[in-house]
Participant: 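This structure is in structure tokens; I'll ask about it shortly.
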Amino acid sequence: MMKKAATFLAGALLCYNAAVAQSTIKPYGALPTKAQENWQDMEYYMFIHFGPNTFTDREWGHGDEDPRIFNPTQLDARQWARTAKLAGMKGIIITAKHHDGFCLWPSKFSTHTVRESAWKNGKGDVLKELSAACKQYGLKFGVYLSPWDRNHPAYGTPEYNQIFAKTLNEVLSSYGPVFEQWFDGANGEGPNGKKQEYNWQLFHSVVYREQPNAVIFSDVGPGCRWVGNEDGYAGTTNWSTLNVTGYEPGKKAPSQATLNKGDEDGEKWVPTECDVSIRPGWFYSDATNDKVKSVAKLLDIYNASVGRNGNLLLNVPVDRRGLINANDSTRLMEFRRLLETTFKNNLARSAKVTVTDIRKNNTAVKASYLVDGNNKTYWATPDGVQNAGITLTFTKPVTFNRAVLQEYIALGQRVKAFTVEVLEDGAYKEVANETTIGHKRLLRVPTTTTTQVRINIKDAKACPVISEVQLYNAPDLLADPEIKRDKEGLLSITCASPDPELHYTLDGSEPTFTSPRYSQPFALVEGGVVKAKAFIHKGKTASSTISASFNMAQSKWKVLAADGKAGTAANAIDANPDTYWTSGKGAFGHYPYELAIDLGESLSLKGFSYLPHRDAHTTFSGIIYKYAFYVSNDGKEWGQPVSTGSFDNIRNNPVQQTIRFPQAVTARYIKLVALEPAFETDHDASVAELEVLTK
Ligand code: FUL
Ligand code: CA
């Protein structure tokens, strides 16, 4: 009898243990720290690039600029913070020291700082003003510091590591709290430049000591990672986990393709940050005042960053006055309004939620938590159930075109595959079929009216733990007009939205509903600025203004000579950005490579532009970094180059590069010589478009 009772008790205990083991959700894989969790909830914050480059119109300063050129006339960091706040952003990261070495605070460890500048007679301190402004507006404050330093005399010696560590310490101990420490991995020294082995361990130890809650950004974290491009787009599959062993920021980083999507089952939690500029370049330039990204473009970026398990770090450069330009702030406010209207009314909150499976004996798990608007409460399945469904049922039909899903990431990233279905005419119709979720997945689906929406988790690394399912009905957004010109100089304007009225200007002014209306392609051989805007509802609703600048058309141009695959050379002058001349993946030789063109007539040339091909972000894309540009009157004698130099930051941001000559030259023949590739191991050179500036 006694024995039986004991066995019974032991059995009950076993059962009880099993129930407890079942109820607690075991974390899966690499996990975020508390700081990373908080960071992920920030989602959207501002980058500010500001420094001597703002005054020299450069992307990468050389470090030998006279510090007195830094002289903003109306600097007001509170205006920056106010703008970020009103834009709905949660913080600001500033380029405290970019590659030119100039420090925006009076550093003890440099002689190239605001102290040496003309601004406030050397008494100013940008970091002090910005950190105070961020506190005033309830924003978090972060700092960008470039290890690559083209000014500091110690750069390239072991001593530099100590100096950089002290510089870092100075910033982190004086202007905190700092939510993110941004380490740039870029380096444009090239094979013959200065070499510096960075002591990352030392740098990290300074951050851990001075700002233990700061998330450290670099290509490979450890706090968060670069998304692998400067366009703002994360992969549609995007794991917050990454294999880090053996990797370093910069040239020793994983491929840009890997950074874009992470590693399933990666060793460490290193979530994605998508850094992108609101303009084509990172620093302010008068030339890009009409190139501020449109609302539609910003929305696309938002969906591909925040909407794909990444944070969005949007750069808004401060201008020469020391203020955020009205062109940028206006656009930010328009975008904020759109986000607010889109996410105002979560339709899922009124749904009845049913699930195919639910984890028992765990009071933290409830199906209703899926629609409570709180991403810290969740629903989960029992262990072993990696395929499960969530159904939202509505008493009255709802109309939606956005779905948002969130995982409870504190327990790891789990979901591998899922679909979204809607009930239509008595049958389920699939409207989305995707892979990962992570912190947040935002889906654009066709506008649907239904009484039932079903989320099917098809596969997961372990039992799925989902914190939110949300549905929204976003307002229709008019697509941007697209402005294109062909090789003959024929200009056309199109728009993806149905039946808009397209209006344009050719004099640089803002198009209105009364500007000339576009009806058919017209010639614009000499080039110029075209601004276009799409309108519907008799002009009441409009797109952003899209501006395109054109050089002289290439209609009379012919290839004179080309290295590599000569047959592809015509692609460099066909007005088509998708086709390109290639030297042929090293098979046809090695750097330098030449491409010579006959313009068909003698022209007064003010400069040239180079468009790298956009199959980029691969190591062998042929992106040219250093170049020499020659002109000739007979196509035989070339003399000295009219321009030599480098296309700064082209490796990370392969946009069109425009170079102006010191003075105009008259010539009929031009020759671009590719001297060095952007990726050191690349043997190839390529040109998607080569153009000349005649204005
Ligand atoms: C890159 C830099 O080279 C650019 O100038 C810019 O600062 C961007 C955010 O990072 O690596
Ligand atoms: Ca082309």
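Counting convention: from 1, in listed order, for ligands and their atoms alike.
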Participant: Using the side chain to side chain donor-acceptor pair (under 3.5 Å) criterion, which residues pair with Thr258? Sequence neighbours excluded.
Facilitator: Ser255

Participant: Within a reach of under 6.0 Å around NZ of Lys195, are more than 12 heavy atoms found that belong to other residues, nucleotides or ligands?
Facilitator: yes

Participant: Who are the residue neighbours of ligand 1 when the rule is a heavy atom under 4.0 Å from any of its atoms?
Facilitator: Phe47, His49, Trp60, His98, His99, Tyr144, Trp182, Asp184, Ala186, Glu230, Asp275, Trp282, Asn649, Asn652

Participant: Under 3.0 Å from the Ca ion (ligand 2), how many protein N/O/S atoms can be counted?
Facilitator: 7

Participant: Write out all pairs satisfying salt bridge (Lys or Arg N to Asp or Glu O under 4.0 Å) with one or both partners inside residues 298-309, taking only residues at least two apart or from two chains.
Facilitator: Asp300-Arg444

Participant: Determine whether Glu170 and Phe109 make a side-chain contact, defined as any pair of heavy atoms from C-beta on separated by less than 4.5 Å.
Facilitator: yes

Participant: Which one of Trp39, Tyr45, Phe141 satisfies the ring-ring contact (aromatic ring centres under 6.0 Å, His included) criterion with Phe179?
Facilitator: Tyr45

Participant: Taking everything shown except Lys484 itself, do over 12 heavy atoms lie less than 6.0 Å from its NZ?
Facilitator: no

Participant: For Gln201, does the CD atom have more than 12 heavy-atom neighbours from other residues, nucleotides or ligands under 6.0 Å away?
Facilitator: no

Participant: Among Trp200, Phe217, Trp148, Tyr198, which one satisfies ring-ring contact (aromatic ring centres under 6.0 Å, His included) with Phe183?
Facilitator: Trp200

Participant: If you measure from the Lys or Arg side-chain nitrogens to the Asp or Glu carboxylate oxygens, is any gap between Lys252 and Glu197 under 4.0 Å?
Facilitator: yes

